[in-house]
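Read the structure below first, then the notes.
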Amino acid sequence: MENPLVLYNTLSRRKERFEPVQPPYVGLYVCGPTVYGDPHLGHARPAITFDVVFRYLQHLGYKVRYVRNITDVGHLEADQDEGEDKIAKKARIEQVEPMEIVQYYSDRYFLFLEALNVKRPSIEPRASGHIIEQIALIHKILEAGFGYVVNGSVYFDVEKYSKTYHYGILSGRVPEEMMTHTRALEGQEEKRNPADFALWKKAQPEHIMRWPSPWSDGFPGWHLECSAMGTKYLGEKFDIHGGGMDLLFPHHEAEIAQSQAALGHETVRYWMHNNMITINGQKMGKSLGNFITLEELFTGKHPALQQAYSPMTIRFFILQAHYRGTLDFSNEALQAAEKGLKKLMEGYTTLTRMLPAGVNPDEKLTGRPEAVALPILQIAESCKAAMNDDFNTPMAIAGLFDMVRIINSARDGKETLSPEEIAFLHNTLSVFLFEILGLKDETANNQAEQMNGLMELLLSIRQRSRENKDWNTSDQIRDALQKLHIVVKDGKEGSTWRIE
RNA sequence: GGUUUCGUGGCCGAGUGGCUAGGCAGCGGUCUGCAAAACCGUAUACAGCGGUUCGACUCCGCUCGAAACCUCCA
């Protein structure tokens, strides 16, 4: 297969041609959420970014296994209100199970991603379900001599690792400097070196989630789960690893070190990082407390929001920026996205109405390219080229707007489109809009509501004509409706209708 | 302080060593019973200063400014 896809590899800091380890198979791993809070706009960005990567790779014909983990181990400690030990005891009894929290917020996460039309990955493993694999990985690292045990905890020896391998290969950091400049945090005196990180932590008494291990009852280090699950499901060498830019260091750097130490070779071929969503120029994040949850966006219930924004508006807003750039949140930008999306969707609907009678709009049509005018072909090509150039969705979207302009001109009779061209445009537009970008027409969702409103309106017009003894009009409405299998029955209390 | 990234018109946001990004808003038209939409046309721009070049918004250097990471965060 001729494969023109090029993507930006964080590891090399340049765009590289995409060549899978084992075509036509592609392994894609993305760091998922830590499920201890409601999903916010920041979570939507990687979810949508890699959803499009997933969709586009599939569109190109690859067989993709997409793994996105759920982090449910590591920071699920009980709320520390120290000094209040009277309540603490009671709280422990009344407290919900950590897994209850995990379940609740995972469900919420999936719910809102589904609204955003994000496809479920092939595998969604949880860290807590892979303790055995993580312990096995620690063994390998210890055997290779890159870890050490202190008081039941195991640490990764960055200094030693640096003598053989390149710690900092991904982030560009210099190990010597990290060793001297890393801030000293409490409880880290066990480490030989501040830059070292935990592979296994012995659990403090208040730590609820704990597992037995050869070293202690405890829990795995933060970076271990992705190394363990990535190689478990995608193999010791796989294609793409993605995640947010904020995970670049230390998380991904540590992941590389762990895998390299345990396996003796690199595991990931291409590292992809999506940039942050900012609000007033600052990262939207939990620690800053300036995040807006997806639920708040969808309902409009947040002081910073002037209105509710539909899931597709959010999706389109995110896709209108390139994934590697920061994207600034504002009501103005969201409203612009809303209107732009509406324009695209209306253009698509207009085109659907130009299809020859009897053609199902969902059907895949193919216009023979040789029968299609060059400018139209060029626009379609530019859309493909944009996607092939490191998933440049904003540029692809610009092409879609060009198509809509042609469609609208044709509708106004200012341009003519041959049936071949209509079919070609229809195919191209629906592939990009729905299949690749994963957008959907939300107006179709309120059909039942519209239907009710429509019937109410129609029946009130008919009622007026009946009051005027305009039986012609009233019968015309009833007969026409009957042809549509809608039966109107007149009673003393007014008219009712139902679909037969 | 270090690492990384960025600075594009009223707003959001692409891109390229010389040729229109696109969306939203604005202005002028066309259309129009009203409204809306649509279509056509149109202005305002590449932080600053140098350098390379026939030519730079695009490459290089410096200055200024911003952000992320260096501690859990998508």
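Convention: sequence-line order gives letters A, B, ...; per-chain numbering from 1. Given the structure is predicted, the values throughout are model-derived calculations rather than measurements.
Considering only side-chain atoms of Asn392(A), the nucleotide from rG15(B), rC69(B), rA74(B) that sits closest is rG15(B). Listed nucleotides rC70(B), rC12(B), rA74(B) differ in distance to Leu327(A); the shortest reach to its side chain belongs to rC12(B). Relative to the side chain of Met284(A), the nucleotides rA74(B), rU4(B), rC69(B) differ in distance, and rA74(B) lies closest.
The side chain of Asn408(A) places no N or O atom within less than 4.0 Å of a non-bridging phosphate oxygen (OP1 or OP2) of rA37(B). Between Thr34(A) and the phosphate of rA74(B), there is a side-chain N or O to OP1/OP2 separation shorter than 4.0 Å. Between Lys342(A) and rA37(B), a side-chain N or O to OP1/OP2 separation shorter than 4.0 Å is absent.
On the C1' atoms, rC62(B) is 38 Å away from rA25(B), given to the nearest whole Å. A gap of 12 Å separates the P atoms of rC24(B) and rC40(B), to the nearest Å. Between rU8(B) and rU4(B), the distance separating the two P atoms is 22 Å to the nearest Å. For the P atoms, the distance from rA45(B) to rC19(B) is 16 Å, rounded to whole Å.
Pairing for rA47(B) goes to rU63(B), judged as Watson-Crick or G-U wobble with the two contacts each under 3.5 Å. For rA68(B), the paired base is rU3(B) (Watson-Crick or G-U wobble, both distances below 3.5 Å). Summarising the base pairing, rG22(B) is matched to rC12(B) through a Watson-Crick or G-U wobble pair whose two defining distances lie under 3.5 Å.
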Take nucleotides 20-29 of chain B nucleotide by nucleotide from the 5' end and write B, S or -, depending on whether a protein heavy atom sits under 4.0 Å from the base, only from the sugar-phosphate, or from neither. -BSSSS----
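Between the side chains of Glu435(A) and Gln58(A), no donor-acceptor pair of N or O atoms lies under 3.5 Å.
Among Gln260(A), His223(A), His241(A), the single residue meeting the side-chain hydrogen bond (donor to acceptor under 3.5 Å, both in side chains) criterion with Glu255(A) is His241(A).
In terms of modelled atom types and a separation under 3.5 Å, the side chain of Arg210(A) and the main chain of Ser216(A) share no donor-acceptor contact.
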